[in-house]
Each structure stands twice: as structure tokens, then as C-alpha cells.
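Lettering follows sequence order; numbering is per chain, from 1.
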Amino acid sequence: MNSMTDTVAATPLRNDAAAKMTAREVSVFYGAKKAVDSVSIDISQDNVTAFIGPSGCGKSTFLRTLNRMNDTIANARVEGQIVLDGEDIYAPAMDVVQLRARVGMVFQKPNPFPKSIYENVAYGPRIHGLADGRAQMDEIVERSLKRAGLWEEVKDRLQDSGTALSGGQQQRLCIARAIAVDPEVILMDEPCSALDPIATARIEELIHELRGRYAIVIVTHNMQQAARVSQRTAFFHLGSLVEYGETSEIFTNPRVERTKDYITGRYG
Amino acid sequence: MRRRIRRRYAAERRFRLLGLGAILLSAAFLAFLLVTMVSNGLGGFRQTEIRVDIDFAANTLSAASAGGEIEAAVAAAAEAQYGPGGARALSDTAWLRVERAIEDDPSILARKKALWLPAASAIDGAAKGDGDGEAEALVTRLEQDDAIRTGFNTDFLTGADATDPAAVGIWGAFKGSLLTMLVTLAIAFPVGVLSAVYLEEYAPRNRWTDMIEVSINNLAAVPSIIFGLLGLAVFLNTFHLPRSAPLVGGLTLALMTMPVIVIAGRNAIKSVPPSIRDAALGIGASKVQVVFHHVLPLALPGILTGTIIGMARALGETAPLLMIGMRAFIATPPDGITSPASVLPVQIFLWSDEVSRGFVEKTSAAIIVLLAFLLAMNGLAIFLRNKFERRW
Ligand SMILES: Nc1ncnc2c1ncn2[C@@H]1O[C@H](COP(=O)(O)OP(=O)(O)O)[C@@H](O)[C@H]1O
Ligand SMILES: [Mg+2]
């Protein structure tokens with residue numbers, strides 16, 4: 001044992017002044033099995049937060065608590081408190097549908113609707129009544145596709161199927177779809193794991209561009225990616241949050257032994 | 001090594017031959033069925049007619065004459081023209097044709113007019129090469145006079161059941177089947193699809209839903225006659241709905257078709273990828289929106305296929321309809337879903353039970369109509385499936 005501790009480190013960024021979301025002692029159970037163990041974390045408004053950790057350590061599970069996607073899993077149960085802009089998102093008065101419009105999600109496998117590119121983006125604004133008339137909808141679709149960096153590639157074939165695009169384009173379409181409802185937070189669960197390196201680079205670039213406008217949380221098993229795209233990194237292991245801090249700190253000077261072992265590739 | 005490869009090739013060849021044999025066998029059965037039906041049944045679509053010269057000026061008929069009078073006058077004219085037995089060469093309902101002719105053109109009442117009237121079934125059979133000596137002699141005599149012809153039987157396509165095989169029509173039973181199917185579809189489709197949606201998307205997984213699932217699976221396997229008894233007990237004896245009506249037939253068949261639609265619907269809904277649901281939920285679609293905007297449209301081809309299979313089975317169903325009184329003799333096509341009606345399979349059953357020879361070809365002709373109906377329904381299913389399966 002060297003001087004490093006092996007406890008869940010004090011989370012120095014807990015009271016980040018610009019915290020968009022705060023989680024306090026959040027645990028998630030699948031039936032009797034505890035998948036996430038008492039995690040407390042602040043999600044910054046202006047920074048990209050990366051969740052890293054070995055497979056099965058509960059990153060996705062915790063991410064999905066942030067927009068209550070775990071509600072759709074029959075035997076999942078969440079304990080603790082998660083606050084978005086001062087509102088407890090698990091409070092009975094919270095409308096889950098509204099919450100998910102405010103906290104959007106991009107999934108591991110690109111999952112465009114089997115509809116036209118236009119429809120994919122327009123669907124969210126339509127069900128939330130964000131556009132008055134066709135012209136305004138066209139505007140939203142164009143703006144969202146531009147922000148997702150897809151506009152130039154698809155502007156001449158908006159009526160083509162979204163599922164006919166390449167994997168990387170599909171994932172950017174999914175990002176455009178999430179952006180279209182004007183969310184405050186975007187959660188991304190390993191958005192590049194099904195993509196080739198060029199498409200991955202394109203998405204990473206996009207994350208840089210979106211930073212600041214949206215609070216972004218990205219789960220990744222790729223440490224280089226976390227280092228490239230994020231300013232904050234949280235290391236999860238066996239359901240617990242082991243260490244959380246500035247990305248540069250975590251990668252150059254981890255304070256917990258387990259973090260160091262993981263980052264140096266001792267296990268994963 | 002070489003031997004193993006050879007053995008593998010031999011096994012593959014054997015398997016291909018077996019598969020081919022199975023296909024050929026079923027094709028042969030199908031061809032046999034079709035050939036028998038068509039060769040027996042085509043005659044049913046043709047009808048022998050005999051020319052009778054009626055001198056309306058000489059008899060006492062008027063536009064107001066009763067049926068009996070016309071019948072007697074027609075019989076007299078036939079006897080005068082073709083000797084004793086001439087009246088029996090005509091179908092019992094031949095006078096109806098005369099009545100219609102008078103209605104269409106009352107001016108013929110002042111002249112002598114040659115009318116083509118349907119022949120009795122014995123003559124009809126003889127003209128088509130299947131009759132006894134006496135009838136065949138008459139047919140030969142008529143042929144010499146150019147007084148007999150065989151043409152397309154429009155009455156068969158527009159009429160209803162009758163006691164005389166020469167006068168029967170299929171339209172009554174066809175319309176009855178159509179109305180019954182409409183009732184079945186109107187009940188079974190929405191209820192079946194909604195049950196499937198509820199069970200797949202909403203119902204919690206517990207002992208109750210397990211039990212419901214088992215019951216539905218069992219229901220789909222219950223013999224159809226049991227549904228007939230259920231329909232008899234519930235719709236006729238408890239609710240006192242009209243007997244022999246397409247409404248009751250449709251309700252009874254709906255009970256039978258519903259489980260099929262529920263099972264097909266659940267499978268179709270289950271096969272919609274969960275990632276689509278996640279995608280919609282992830283941008284804030286409500287559960288109902290997820291189901292109606294995404295899941296159901298994607299599941300629709302499967303649901304439609306299941307529905308058509310269920311409906312096709314219902315269309316051919318006979319036993320439960322016998323139980324609720326649809327075996328009555330109904331000589332007029334139904335006006336609506338509450339008037340007494342027959343349906344195609346029951347009509348086939350009733351005609352096949354008749355002793356008169358004339359019914360044999362009518363039975364086969366009715367089977368051809370039923371098969372055509374089934375083929376049309378399956379064609380529609382394939383069309384709808386391809387239309388909705390265009391998954392971009
Ligand atoms: N729907 C589920 N039902 C039961 N257990 C689950 C479910 N989803 C995930 N788990 C379990 O929870 C743990 C954490 O999973 P997950 O959050 O997907 O990990 P990660 O995303 O870090 O790889 C794993 O042990 C996994 O087996
Ligand atoms: Mg994961």
C-alpha cells in the first residue's frame with residue numbers, strides 16, 4: 001500500500017457552483033441486486049462529464065437514473081435523491097415525459113425511427129407542440145441537423161429513410177433528434193462504441209461544439225475518448241463512484257489506487 | 001476426410017429430395033382438389049334453358065295476374081308445344097321468369113312471345129350429359145327444334161337457396177358470409193389488438209397475467225363447436241338476439257377469432273425492437289404515444305397476417321353456426337345483420353346433404369365460390385402486408 005487511499009474519495013466537485021444536476025446517495029437495485037451503490041455526484045452545466053469504469057460497474061444504470069429511463073425496467077428500483085435545477089426529479093409531482101424532454105438521451109446503438117430523416121427530427125417537437133406550422137418545423141429540423149453536423153450531408157434527401165444512413169450518420173441523426181426538443185442536459189451512453197474511428201472522431205468533434213449549450217454526460221469505456229472530450233471524469237467500480245474530478249487530474253494524478261490501476265490498464 | 005465430405009453431400013442431396021417430395025405431394029393434393037371441384041362445379045355456373053312460345057293474346061293473363069295463374073298458363077303453353085311432360089321439363093320456378101318479363105314489358109301481353117325459361121334439373125343434367133333415358137330423349141327432341149340452350153347462370157350468382165336445384169343461387173349465402181365476417185372483424189380486431197397491446201405493453205408480469213396468457217392460448221385451441229354452444233347459450237338464450245342472423249354468427253366467430261388475433265398481435269408487438277421504444281421514450285414520448293406512433297405501425301403487418309388467418313378460419317367454419325340456427329332454409333338474401341341468413345360453408349353442407357342430383361354440381365359450384373372468397377381474402381392480406389411492410 002502506498003500513500004493513496006482506497007476509499008471512495010471525497011468528491012471535491014460536489015458543490016460545483018454551476019451544477020446542473022446533483023445526485024445524493026443514489027442506489028439502484030435490480031430486484032434484490034444492488035447495481036449502483038450510494039453515488040453522490042454533481043453534474044456541471046458548462047462541462048462535459050465522462051463516466052468511465054469497467055464493464056458492468058453500473059455506469060449505464062446510473063446514467064439512466066438521470067432521466068428516469070430505469071422506470072421502464074419492471075424490477076428496477078431507485079433510492080436517493082436526484083435534483084435538476086432545484087427540482088427533485090423523483091418527486092411524485094415530477095412529470096416523467098417533461099423530464100425526458102429536458103434531459104435527452106443518445107443510446108449505445110444508433111436507433112433512428114424507421115421513418116424519414118425529417119420525421120426522425122420532427123417527431124419530438126411535434127409531440128411536444130414546439131412548432132406552429134410547417135415553416136417553423138422546417139426551421140427546427142434544419143437547426144437541429146446543423147447543430148448535429150449532419151445538415152450538409154442530408155439536406156437534399158430529408159425524405160429518405162433514417163435507417164438507410166451510415167452508422168455514424170445515424171448516431172448524429174439521433175443526436176439531432178435529441179437536440180430538436182431543446183433539452184438542457186444530453187446523456188450519451190457509449191455513443192461511439194458501434195462506430196468506426198472516423199465516425200467516432202466526428203461525434204467527438206460534435207460534443208466539443210455542443211458543450212456549453214447543453215450539459216453533457218457521456219459514458220465511455222474508452223479512456224482516450226474520456227480524456228479527449230471531457231473536463232470532468234467520474235470513475236465507477238463495482239457500482240460505486242470511486243473518484244470524481246477534473247479530467248486532467250484523474251488521468252495524470254489519480255488519488256485512489258483503483259483509479260490508477262484502471263487508467264494504467266491493470267484491469268478493465 | 002474425403003469420405004466425410006462425400007457423406008455430407010449425400011446427406012444434403014437426400015434432404016433436398018425429401019423437401020422436394022413433400023412440396024410435390026402437397027401440390028398434388030391441391031391440384032386434385034382444384035381439378036375435382038372445377039370439373040364438378042363449372043356446370044353449376046351454367047344453366048339449361050328451354051324456349052317456350054307463349055301466346056299471351058290467347059290466354060287470360062294480365063299485369064295483375066296472380067302467380068298461380070301465370071304458372072298454369074306457362075305449364076299449358078309448354079304442354080301444347082312439347083306434348084305431355086312438357087311442363088315437367090321446366091323448372092318449378094320458370095314462371096317467375098315469365099312474371100318478370102311481363103313486368104319489364106307489359107306490351108307482350110298483347111302478343112305471342114318466345115321466352116327462354118330455366119329447365120328442370122333432370123333436363124339440365126341430361127343436357128350436360130348426365131341424365132336418364134327419358135330426359136335425354138326429350139333433350140334430343142328439343143335440340144332438333146333449336147329449343148334448348150345452355151348459357152351462363154346469372155340466377156346462380158344473384159339468387160338464394162331454393163328447393164329446386166335449378167333455381168338455387170349463391171348470393172344469399174355469400175352476402176350472409178360477408179355480413180358475418182364484417183361483424184366478426186368489427187368485434188375481434190379491435191378487441192384482439194387492444195388486448196395484445198395491453199398484455200404486452202401495460203400488464204404487470206404476475207400470476208394473473210400468466211393465467212390470462214394460458215387461458216388465451218387454450219382458447220385458441222378450443223374446438224369450434226364449443227364456441228357454437230357458447231354462442232347459443234349467451235347470445236340466443238340469454239340476450240335473445242335474433243336466431244340465424246349474421247350478428248349472432250359474427251359474434252360467435254369473433255369469440256373464436258379473438259384469441260388468434262391476440263396471440264399473433266402479441267408476437268408482432270414483441271418483435272418490435274426495444275431500441276425503438278427507448279428512442280421514443282428518450283425524447284419524452286408518453287407510453288400511449290410510443291404504442292400508437294411506433295409500436296403498432298411496426299407490428300401492423302404481423303397483426304394483419306394473424307387477423308386474416310383467423311378470419312379465413314372463421315369464414316370456413318360450419319359447426320358453430322349450425323348451433324346458432326344458421327342451418328335454416330333461407331330463400332332470400334339477408335337485408336342486414338339481424339335478418340336470417342345462411343353462410344357459404346353451411347350452404348355447402350346443406351346442399352351436399354340433398355338427395356336431388358342437381359345439387360351435386362351446385363355444391364361444387366358453391367365450393368368454388370367459397371375458395372374464391374378465401375383466395376381474395378388472402379390476396380388482400382398479402383397486399384396489406386406488403387403495403388405496410390415498406391419499412392423505409
Ligand atoms: N435490466 C437489468 N436487469 C437486471 N440486471 C441488470 C439490468 N441491466 C443491468 N443489470 C446489471 O447491473 C449491473 C450494471 O450494469 P450496467 O449499468 O449496464 O453496467 P455498465 O454500463 O457500466 O457496463 C450489471 O451487473 C448488470 O448485469
Ligand atoms: Mg453500459
Kindly compute the distance separating CD (A:Gln108) from CG (B:Asp278), expressed to the nearest 0.5 Å.
11.5 Å

Mind checking the CG-CZ spacing from A:Asn75 to B:Arg205? Nearest 0.5 Å is all I need.
12.0 Å

Identify the heavy atoms of [X] and [Y] that sit nearest to each other, and give their distance.
{"X": "A:Ala178", "Y": "B:Ile283", "value": "CA-CG2, 4.2 Å"}
{"X": "B:His293", "Y": "A:Lys115", "value": "O-NZ, 3.5 Å"}
{"X": "A:Phe113", "Y": "B:Ala279", "value": "CE2-CB, 3.7 Å"}
{"X": "B:Ala285", "Y": "A:Ile127", "value": "CA-CD1, 3.5 Å"}

Look at atom CZ of B:Phe383 and say whether more than 12 heavy atoms of other residues, nucleotides or ligands are closer to it than 6.0 Å.
no

What side-chain donor-acceptor pairs closer than 3.5 Å can you find for residues 93-103 of chain A, not counting sequence neighbours?
from, atom 1, to, atom 2, distance (Å)
A:Asp95, OD2, A:Gln98, N, 3.1
A:Arg100, NE, A:Asn67, O, 3.2
A:Arg100, NH2, A:Arg68, O, 2.8
A:Arg102, NE, A:Glu184, OE2, 2.9
A:Arg102, NH1, A:Glu87, OE1, 3.1
A:Arg102, NH2, A:Glu184, OE1, 3.4

Chain B contact via A:Pro112 - side chain, backbone, both or neither, heavy atoms under 4.5 Å
backbone

Looking only at heavy atoms and a cut-off of under 4.5 Å, which of B:Ser275, B:Gly284, B:Pro204 has the most pairs with chain A?
B:Gly284

